[in-house]
Amino acid sequence: MSALISGNSMKDNDKITSDWAFETQAIRAGSIRSGEREHSEAIYLTSSFAYDSAAQAQAVFAGDEEGNVYSRYTNPSIKMFEDRMAALEGGEMACASSSGMAAILGMCMGLLQARDHVICSRSVFGTTFTIFAKYLDKFGVKTTFVDFTDYQQWRNAMRPETKLLFLETPSNPRGEVVDLELMASIAHENDAYLMVDNCFCTPALQQPLKLGADIVVHSATKYIDGQGRCMGGVAVGKAELIEEMHLWQRAAGACLSPFNAWNFYKGLETLSLRMEAHCRNTLALAQWLNEHPAVEVVHYSGLPSHLGHELARRQQKGFGGVLAFEVRGGRQQAWTVLDNVQIMSRTANLGDTRTTITHPATTTHCRLSDEDKARSGITENLVRIAVGLENIEDLKRDLERGLSQL
Ligand SMILES: *Cc1c(COP(=O)(O)O)cnc(C)c1O
């Protein structure tokens, strides 16, 4: 990278970064400054890179000289995002991808082969379930799905060929949590890897690698972007594992756009502040709903009545920005709440400054069988809210428009 001057040289940067607190890393880790001396990080919107001579091109292509070749392989914007994420999750290396699903699939393609076995939580993002149940299955990787807070089910599902345990904590939409240290020990006793989807907490609230997980994956589309603009994903962990994903992705082409990478590393600069505010608003809304006569029960680990409360307190720095609640009644009553909001957006996305409201049974979880819905607690009277950063009193008034009609 002869034309680039790093903020400090990358090697120095690595050394300094490890002493920095989270907020400092989120703003400064991984920065690369070009010869133009820009203060805010540039966007490197380029597909390929040019060389001073034929000999230099040969050296870079052969890997004898450090440098970029083609943005499907590496790109400075993507590298800044990856290095910043690696610092924030406390991992050796990160690999960014075109979406959260591309990160999950890419990690699986890098690590797994035919006849390997996976154990996966039943309470994962719907498309994650599809990847394991349908597509990896098609290529001879079999998956057993378990109720994710039942540790005995994880142990019982273990086979000699089990290579990977996959889970998401807290779960969507009811906010159940699982003990990551215990799950890491269950995985490692059996020579398997533990991969954790950390999308709901982000490293600002939970750092699974520090609790023993081997790989963390993210949909950067959510809180990392933070404003609902760009699709992207990233995996973080030990270099030898992440390198496998990177090699696969270079070939498969699920690379992140440098423009999206730029949005993400700028988004990371405000991540802790935003997560604090999401947590504060969500707790206030959960407490208010918990007292509301039209509400039967609120599912949010920030409430002492929630089963996962103590564990979440221990394992997370905050309870997160997603809550669910059951209204008195059924689908009609839940829909009345959704149909009367004027501020909240009726959409299934999350991790945005804007609050979103959704009816899981008929949207995000509509493809589950009635039996699976019942098992996962996706009842007809359940409403999920991903709480944004609007004023909390406005949000309460917005819900009251529908709740007062029940
Ligand atoms: C959105 C999401 C994904 C998938 O990410 P995409 O960026 O949409 O591909 C995976 N896991 C969780 C928990 C998510 O919320």
Side-chain angles (χ1 to χ4, degrees), residues 78 81 85 89 94-109 120-136 145 148 164 166-178 180 195-206 208 213 215-236 245 249 252-257 259-261 263-264 267-268 275 278 282 301 316 320-324 345 347-352 354 356-358 360 363-368 376 378 384-388:
I78 296 169
F81 172 53
M85 278 307 298
E89 286 286 6
C95 181
S97 56
S98 55
S99 68
M101 290 320 304
I104 293 169
L105 177 65
M107 231 26 264
C108 289
M109 294 305 276
C120 182
S121 156
R122 228 184 282 282
S123 305
V124 288
F125 189 68
T127 319
T128 306
F129 186 92
T130 307
I131 289 287
F132 286 112
K134 183 171 176 190
Y135 291 104
L136 290 177
F145 293 93
F148 99 126
L164 178 70
F166 187 97
L167 61 87
E168 201 178 298
T169 180
S171 70
N172 177 27
R174 293 164 65 104
E176 292 171 306
V177 286
V178 84
L180 287 173
M195 183 146 97
V196 176
D197 183 333
N198 200 26
C199 172
F200 273 52
C201 273
T202 83
L205 302 183
Q206 171 172 276
I215 301 142
V216 163
V217 286
H218 278 285
S219 168
T221 315
K222 314 292 168 54
Y223 291 105
I224 291 174
D225 176 298
Q227 295 182 48
R229 300 162 294 192
C230 296
M231 301 289 303
V234 62
V236 192
M245 170 181 166
Q249 192 168 277
C255 47
L256 181 63
S257 147
F259 177 76
N260 290 9
N263 275 286
F264 296 151
L268 286 174
M275 291 314 289
H278 281 293
T282 312
S301 67
Q316 301 170 202
V322 178
L323 66 78
S345 315
T347 171
N349 199 28
L350 63 105
D352 199 312
R354 296 155 206 254
T356 67
I357 184 165
T358 168
T363 58
T364 53
H365 292 68
C366 68
R367 282 187 195 81
L368 292 188
S376 312
I378 310 299
R384 187 197 78 178
I385 300 185
V387 183

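For ligands, and for the atoms within them, numbers begin at 1 and follow the listed sequence. For this chain, numbers begin at 1 and follow the sequence in order.
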Run the side chain to side chain contact (heavy atoms under 4.5 Å, CB included) test on Val322 and Thr282 for me, step by step, so that the C-alpha distance in whole Å, both residues' side-chain angles and the decisive distance to 0.1 Å come before the verdict.
CA-CA 7 Å; Val322 178; Thr282 312; over 6 Å; no

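- Distances below 4.0 Å separate heavy atoms of Glu168 from the following atoms of ligand 1: 13 (C).
- Annotation: Phe145 is not in aromatic contact with Phe132 [ring centroid separation under 6.0 Å not met].
- Shown in contact with Gly232 at under 4.0 Å from a heavy atom are these atoms of ligand 1, numbered in order with element: 7 (O).
- Among protein heavy atoms, the minimum distance from atom 8 (O) of ligand 1 is reached at Met231 CE, 3.7 Å.
- Remark: among candidates Ser219, Ser171, Cys199, the nearest residue to atom 5 (O) of ligand 1 is Ser219, based on non-hydrogen atoms.
- Gly351 does not count as a contact of ligand 1, since none of its heavy atoms falls under 4.0 Å from the ligand.
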Quick one, Met107 with Cys95, criterion side chain to side chain contact (heavy atoms under 4.5 Å, CB included). Give me CA distance, side-chain angles, the key distance, then yes/no.
CA-CA 9 Å; Met107 231 26 264; Cys95 181; over 6 Å; no

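- Against a heavy-atom cut-off of under 4.0 Å, Lys222 is close to the following atoms of ligand 1: 1 (C), 2 (C), 3 (C), 14 (C), 15 (O).
- Given atom 4 (C) of ligand 1, the protein heavy atom at minimum distance is Phe125 CE2, 3.4 Å.
- For the pair Val234/Glu89, no side-chain contact is recorded, criterion being any heavy-atom separation below 4.5 Å from C-beta on.
- Counting heavy atoms from C-beta outward, Leu180 and Leu167 have side chains that approach closer than 4.5 Å.
- Ranking the protein heavy atoms by distance from atom 9 (O) of ligand 1 puts Met101 N, 2.9 Å first.
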Check step by step if side chain to side chain contact (heavy atoms under 4.5 Å, CB included) holds for Phe148 and Val124.
CA-CA 9 Å; Phe148 99 126; Val124 288; over 6 Å; no

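- Every atom of ligand 1 with a heavy atom of Asp197 under 4.0 Å away is listed here by number and element: 10 (C), 11 (N), 12 (C), 13 (C).
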